[in-house]
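Comments concern the structure below.
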There are 2 protein chains.
Amino acid sequence: MNQGDFPSLEKVLNETEEELWTRDEFTEQLKAVGSSFYHDKHPFHVAMHKGKLSREQIRGWVANRYYYQISVPIKDAAILSRLPSRDMRREWIGRIIDHDGTQGEEGGIEAWLRLGEAVGLSREEVTQEVRVVPGVRFAVDAYVNFARTKPWIEAVASSLTELFSPDLMSKRIKILERLYPWIDRAGLEYFQNRLSQAPRDADTALRLVLTYCQTPNDQRRAVAALRFKCDVLWAQLDAIENAYPLYE
Amino acid sequence: MNQGDFPSLEKVLNETEEELWTRDEFTEQLKAVGSSFYHDKHPFHVAMHKGKLSREQIRGWVANRYYYQISVPIKDAAILSRLPSRDMRREWIGRIIDHDGTQGEEGGIEAWLRLGEAVGLSREEVTQEVRVVPGVRFAVDAYVNFARTKPWIEAVASSLTELFSPDLMSKRIKILERLYPWIDRAGLEYFQNRLSQAPRDADTALRLVLTYCQTPNDQRRAVAALRFKCDVLWAQLDAIENAYPLYE
């Protein structure tokens, strides 16, 4: 009934005696979630990377994904408010600053608005969220609620899609430059910045998950949290594809 | 950022001086939401009522919709916990009993499980939620969170899709009997029961909304809440259609 629960898996967890994974096995299990469920395999994403999206579809993706971008620092603030130690919070707070920015260093949300301008969307059109479809809103809100309500280590584990994002980002930059030459290249700064931010963030989160998941159940819940996050990203693309269909 | 906010509408509300609607005008505005956005117009629903769905699609719809069915009494309990008077709670509590049932009067969730059996799904397959797709989960959870976090009168207003459901239910019973003769008719009891329950519930909710929305802003927020609920129903069908496509 809660966001991100996978009842059939939960039932399994409660009914069987599972083995504790080694650090390496646990890391492999987490990475296997990405191999199967990360949104790079979604048809809309595949079409994007084949250069098949129209300007209108690219705009729809950027405008909808903005709702995710503005929700990420809120999600991270929810996690921050629940991290039990000062050291952890010192590491986590940088994520919020990366997105919200500071005076003079405008951050990821501003960079996303510039991406919007680069694809032909006015700032107002994006910030007023006029193109954001309900399915995107529901998926993103589920992610924020997960961070607010689940144990902090599960919320941390759900952020581990960043293990898979640098690969995708570096491909995406090249593809947008090559296959969508009408997009102003200055708009791609967001993705450039993520190339260094995401691996650092993923390292921190992975270290926390490997350290604090100390029982077989903890480990399985971390894997389930990461699967949940993959579903959040996938469902966003489903909803975007519904609004901007691939084949008309 | 919250579920069910429509920022562009909200901005309008905060920036303009709106007139208070009369009771009749307000009722018309609420009904107009249904005419435009109720899920009877969704392609998956239209296909169902034309007899075009396969057995597998009907099963997918019943299995996914189960997640909505079991969330309705939770949503109503959240509203119940926030209703300010004993009289209101006395009226509202019947909704929960309608779904959860009592000893000897098994209620709507049990009736839905029987519908599942009538279309060829085992009880276990339905209750373990193995077919429930993330998009359905996110949409339904957004509805529960709306009831938990929004002012109670908005949560009540969001239930007003029941104004539109009796019409749909009575059509649906005839259509399922005529166009899907393979469905055991005993499974249709859920819809029969809703024919009398929904109008009674809608009357109560409409009376509360008309009485307690006393400012132009209250009225607009009630309309927005009902639109949000239509989006919740619509997004469920989007997600079901993605999992069980209409044209393959």
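Hydrogens, waters and symmetry mates are skipped; everything else that's a heavy atom, side chains included, is used. Chain letters run A, B, ... following the sequence lines, proteins first, then strands; residues in each count from 1.
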*Once you round to the nearest 0.5 Å, how far does CG of B/N242 lie from CH2 of A/W234?*
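Between B/N242 CG and A/W234 CH2, I get 10.5 Å after rounding to 0.5 Å.
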
*Would you indicate whether the side-chain heavy atoms of A/N145 and B/N145 approach each other to under 4.5 Å?*
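B/N145 reaches A/N145 side chain to side chain.
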
*Between B/A235 and A/F138, what is the shortest heavy-atom contact and its length?*
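Closest approach of B/A235 to A/F138: CB-CE1, 3.6 Å.
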
_Under the ring pair (Phe, Tyr, Trp, His ring centres under 6.0 Å) test, residues paired with A/Y68 that sit two or more places apart_ =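 So A/Y68 forms no ring pair (Phe, Tyr, Trp, His ring centres under 6.0 Å) with any residue.
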
*ring pair (Phe, Tyr, Trp, His ring centres under 6.0 Å) against B/H49, all qualifying residues, sequence neighbours excluded*: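 For B/H49 the ring pair (Phe, Tyr, Trp, His ring centres under 6.0 Å) partners, ignoring immediate neighbours, are B/H45.
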
*Among A/V232, A/D238, A/D231, find the one that has a side-chain contact (heavy atoms from CB on, under 4.5 Å) with B/P134.*
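Filter result, single survivor: A/D231.
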
*asked:* So for atom NZ, which belongs to B/K41, do other residues, nucleotides or ligands contribute more than 12 heavy atoms lying within a distance under 6.0 Å?
replied: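 Check passes, neighbour count above 12.
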
*Residue part contacting chain B, namely of A/V133, when any heavy atom lies under 4.5 Å*: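 Answer is neither: A/V133 stays 4.5 Å or more from chain B.
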
